Amino acid sequence: YLVQPTYVYSNIDHVLINVSVTGINKVYDGSLNATVNITGLVLNEADSANITLSAATAVYLNKNVGANKTINVSNISISGSAARNYYVSNASAVTTANITKATLVIAPPALNKTSDGTPQANVTLPDNRVLGDLLTVKYKTATFATANAGSSIGVNVTGIKVTGTDIGNYNFSTTATTTANIAQKT
């Protein structure tokens, strides 16, 4: 007589991972890019070391400085050797974080001059603003420490004023120092 093999079929259910997303604060950089921490509880301790949660995108609604700014997180996924046993509760999430002001560094090089009997100096005002940000930087006075000829003479720049659409994203100093040379008049 012939014995028929018996087959056992079963469905293995995937385990749900409830995903939690937390925004990480950043200093203003002019971009919408956000950094988030994605966590989820994996009940099997052996699997937890073999699972990674990540998101394809995490973006602020706008680039500007502010507190508790909304971050949209999308395409949350699971990877790793144990990922096949799990699924995430949500593929997208909303969280918040802060964007704090960046420091606008104004580093004015003074222009060398020939002695004219005054300590008046002229400077340019380059800075480290984010490319594309709209700012205007001006100063009230630039003065050499002495009117006498010499090299590497200190120059004090005062009354620095910054205006423009993106000024709310920066802290800045209203004074700066630099050096320049005063050549003897011939």
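Bear in mind that the values here come from a model prediction, so they are computed numbers and not experimental data.
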If we count only N and O atoms by modelled type, under 3.5 Å, do the side chains of [X] and [Y] hold a donor and an acceptor together?
| X | Y | result |
| --- | --- | --- |
| Lys26 | Ser31 | yes |
| Ser74 | Ser92 | no |
| Asn98 | Thr100 | no |

Which distance, rounded to the nearest 0.5 Å, do you find between the [atom1] of [X] and the [atom2] of [Y]?
| X | Y | atom1 | atom2 | value |
| --- | --- | --- | --- | --- |
| Lys161 | Leu125 | NZ | CG | 14.0 Å |
| Thr103 | Tyr28 | OG1 | OH | 13.5 Å |
| Ile76 | Ser89 | CD1 | OG | 7.5 Å |
| Thr118 | Gln120 | OG1 | CD | 5.5 Å |
| Thr114 | Asp116 | OG1 | CG | 8.5 Å |
| Ile182 | Thr146 | CD1 | OG1 | 6.5 Å |

Problem - Those residues that, when tested against Asn64, pass side chain to side chain contact (heavy atoms under 4.5 Å, CB included) (two or more places apart) - result: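 Side chain to side chain contact (heavy atoms under 4.5 Å, CB included) list for Asn64, sorted by chain: Asn62, Asp166, Asn169.
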Minimum-distance pair of heavy atoms, taken over all atoms of [X] and [Y]:
| X | Y | answer |
| --- | --- | --- |
| Leu104 | Tyr170 | CB-CD2, 3.8 Å |
| Pro126 | Pro108 | CD-CA, 4.2 Å |
| Gly30 | Val130 | CA-CG1, 3.9 Å |
| Tyr60 | Ile71 | CE2-CG1, 3.6 Å |

Less than 4.5 Å apart, side chain to side chain, heavy atoms only: is that true for [X] and [Y]?
| X | Y | result |
| --- | --- | --- |
| Tyr86 | Asp47 | yes |
| Ile167 | Phe172 | yes |
| Thr124 | Pro109 | yes |
| Val19 | Ile38 | yes |
| Asn90 | Val88 | no |

Problem - Side-chain ion pair, Asp133 and Lys63, N-O less than 4.0 Å - result: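 So Asp133 pairs with Lys63 through a salt bridge.
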Exercise for the section: Please lay out, stage by stage, how Thr96 and Thr70 fare under the test side chain to side chain donor-acceptor pair (under 3.5 Å). Expected result: CA-CA 5 Å; Thr96 61; Thr70 299; over 6 Å; no
Can you hop from [X] to [Y] via hydrophobic side chains spaced under 4.5 Å?
| X | Y | answer |
| --- | --- | --- |
| Val59 | Ile99 | no |
| Tyr87 | Ile78 | no |
| Leu53 | Val15 | yes |
| Leu135 | Ile106 | yes |

Practice task
Would you mind telling me which of Val137, Thr175, Val123 makes a side-chain contact (heavy atoms from CB on, under 4.5 Å) with Ile160?
Solution key: Val137
Practice task
Taking Asn75 for its side chain and Ala55 for its backbone only, find out whether a donor-acceptor pair lies under 3.5 Å.
Solution key: no
Handout entry: Check: Asn181 main-chain N/O paired with Asn112 side-chain donor or acceptor under 3.5 Å
Key =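 Yes.
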